[in-house]
Student: 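Dropping a structure here in structure tokens format, bear with me for questions.
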Amino acid sequence: MTKIIPYLTFNGNCREAMNFYRECVGGKLDLTTVGESPMAEQMPEAMKESILHARLRKDELVLLGSDMVSEKGLNRGNCLSIMLEFETEAKMRRCYDKLAEGGQHEYPIENTFWAGLFGSLTDRYGNHWLLHYGKDAQ
């Protein structure tokens, strides 16, 4: 089976963001800094605490992240959303409220004709989230 796994790029706040996401959805978070990697000696001292690779895993959810920005720099756009499907309405509402802290509510949780309960928001790190519970949940 092919899986889609979101990989988020940050500009120095990957650790903070991934810990925040762990608080919101739960799971196990693994972080590897540049200083812990085989490439540590080739990197500037200021980058040693930057996150080379982060992995948050809870059941089937996998979210990856890094502070390693390309030479072009970090460009935020609206081309990536992270969709979470929930087993219960209560879990969905708790996660929505946590993710929205310091962010922007875009679409409050409501019953919709296309998806049962649905809500969307942009978190304090600029990432867009879609939350779903109910009708046609996979």
Side-chain angles (χ1 to χ4, degrees):
M1 167 190 261
T2 302
K3 293 182 180 181
I4 296 174
I5 301 173
Y7 201 113
L8 303 173
T9 303
F10 299 91
N11 196 10
N13 61 348
C14 181
R15 178 187 306 274
E16 176 186 337
M18 295 299 284
N19 275 302
F20 174 69
Y21 298 147
R22 182 178 46 83
E23 290 173 17
C24 294
V25 300
K28 182 179 186 308
L29 178 60
D30 295 309
L31 300 168
T32 303
T33 64
V34 170
E36 297 168 327
S37 75
M39 60 194 271
E41 295 306 315
Q42 292 106 4
M43 301 300 280
E45 189 64 34
M47 288 191 67
K48 301 258 171 119
E49 291 302 312
S50 296
I51 300 300
L52 177 64
H53 183 71
R55 181 180 65 199
L56 176 61
R57 181 181 297 273
K58 178 168 186 202
D59 303 322
E60 296 298 313
L61 170 70
V62 176
L63 181 62
L64 304 175
S66 177
D67 281 322
M68 305 306 290
V69 179
S70 74
E71 290 178 13
K72 295 178 185 177
L74 185 61
N75 296 306
R76 292 277 180 200
N78 60 0
C79 64
L80 174 68
S81 297
I82 304 164
M83 177 136 182
L84 301 176
E85 291 187 346
F86 293 87
E87 309 89 39
T88 70
E89 179 179 344
K91 286 181 181 179
M92 177 188 177
R93 289 188 183 279
R94 275 193 305 274
C95 187
Y96 183 94
D97 290 343
K98 287 181 180 179
L99 282 169
E101 291 174 9
Q104 293 182 316
H105 297 265
E106 293 171 357
Y107 194 95
I109 295 175
E110 295 181 347
N111 280 306
T112 65
F113 69 89
W114 73 87
L117 282 178
F118 176 83
S120 70
L121 60 96
T122 299
D123 69 29
R124 61 182 160 198
Y125 302 102
N127 293 306
H128 189 243
W129 295 80
L130 307 169
L131 292 86
H132 171 247
Y133 165 72
K135 182 179 176 184
D136 300 325
Q138 299 293 318

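Because only heavy atoms are used, hydrogens play no part in the values below, and waters and symmetry mates are left out as well, while side chains stay in. Worth saying up front: this structure is predicted, and the values here are computed from it rather than measured.
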Student: Rounded to the nearest 0.5 Å, how far apart are CZ of Arg57 and CZ of Arg22?
Tutor: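 It is 15.5 Å, given to the nearest 0.5 Å.
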Student: I'd like to know whether Leu63 forms a side chain to side chain contact (heavy atoms under 4.5 Å, CB included) with Val25, so could you lay out the CA-CA distance, the side-chain angles of the two residues, the decisive distance to 0.1 Å, and finally the verdict.
Tutor: CA-CA 11 Å; Leu63 181 62; Val25 300; over 6 Å; no
Student: Please give me the minimum heavy-atom distance between Gly65 and Met18, naming the atom from each residue.
Tutor: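 What the structure gives for the nearest pair is N-CE, 4.2 Å.
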Student: Would a hydrophobic clustering, with Ile, Leu, Val, Met, Phe, Trp and Tyr connected at side-chain separations under 4.5 Å, put Met83 with Ile5?
Tutor: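 No; Ile5 is not reachable from Met83 via cluster members.
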Student: So Tyr125 and Phe10, would you call those rings parallel, tilted or perpendicular, with 30° and 60° as cut-offs?
Tutor: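 Tyr125 and Phe10: perpendicular rings.
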Student: So, taking the atom named CG in Leu131 and the one named CZ in Phe86, what distance separates them when rounded to the nearest 0.5 Å?
Tutor: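 One finds 4.5 Å between CG of Leu131 and CZ of Phe86.
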Student: Could you grab the distance from atom CG of Leu99 to atom NE2 of His105, nearest 0.5 Å is fine?
Tutor: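 It comes to 10.5 Å.
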Student: Is there a donor-acceptor pair under 3.5 Å between the side chain of Asp67 and the backbone N or O of Cys14?
Tutor: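 At least one qualifying donor-acceptor pair exists.
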Student: Search all heavy atoms of Phe20 against all heavy atoms of Lys98 and return the closest pair with its distance.
Tutor: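 Minimum heavy-atom contact is CZ-O, 3.1 Å.
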Student: Out of curiosity, His53 NE2 to Glu36 CD, how far, rounded to the nearest 0.5 Å?
Tutor: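 So the NE2 of His53 and the CD of Glu36 are separated by 12.5 Å.
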Student: Give the minimum heavy-atom separation between Val62 and Arg55, together with the two atoms involved.
Tutor: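 That would be CG1-CG, 4.2 Å.
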Student: Would Leu80 and Leu84 show up in the same hydrophobic cluster when neighbours are defined by side-chain heavy atoms closer than 4.5 Å?
Tutor: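 Yes, because Leu80 and Leu84 connect within a single hydrophobic cluster, where side-chain heavy atoms sit under 4.5 Å apart.
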Student: Find out whether Asn127 and Tyr21 are in side-chain contact, i.e. whether some heavy atom of one side chain is under 4.5 Å from a heavy atom of the other.
Tutor: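 Answer yes - side chains close enough.
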Student: Taking all non-hydrogen atoms of both residues into account, name the closest pair between Ala40 and Lys48 and its distance.
Tutor: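 Reported closest heavy-atom pair: O-CE, 3.0 Å.
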Student: Do Ile82 and Leu56 sit in one hydrophobic cluster, given that two such residues count as connected whenever their side-chain heavy atoms are within less than 4.5 Å of each other, even indirectly?
Tutor: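 Yes; Leu56 is reachable from Ile82 via cluster members.
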Student: Can you tell me if Arg15 has over 12 outside heavy atoms packed within less than 6.0 Å of its CZ?
Tutor: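 No, not enclosed.
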Student: Between atom CE of Met47 and atom CE of Met68, what is the distance when rounded to the nearest 0.5 Å?
Tutor: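 Answer for the CE-CE pair, Met47 versus Met68, is 3.5 Å.
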Student: For a quick test of reading the model, state the closest non-hydrogen atom pair linking Ile51 to Ser66 and the distance between them.
Tutor: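 Between these two residues, the closest heavy atoms are O-OG, 3.4 Å.
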Student: On a heavy-atom basis, which atom in Leu121 and which in Asp123 lie closest, and how many Å separate them?
Tutor: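 That would be CD1-N, 3.8 Å.
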Student: Distance check, rounded to the nearest 0.5 Å: Glu60 atom CD versus Glu85 atom CD?
Tutor: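 Interatomic distance, Glu60 CD to Glu85 CD, rounded to 0.5 Å: 12.0 Å.
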Student: Begin from the C-alpha positions of Glu106 and Trp129 and carry the test side chain to side chain contact (heavy atoms under 4.5 Å, CB included) through to its verdict.
Tutor: CA-CA 10 Å; Glu106 293 171 357; Trp129 295 80; over 6 Å; no
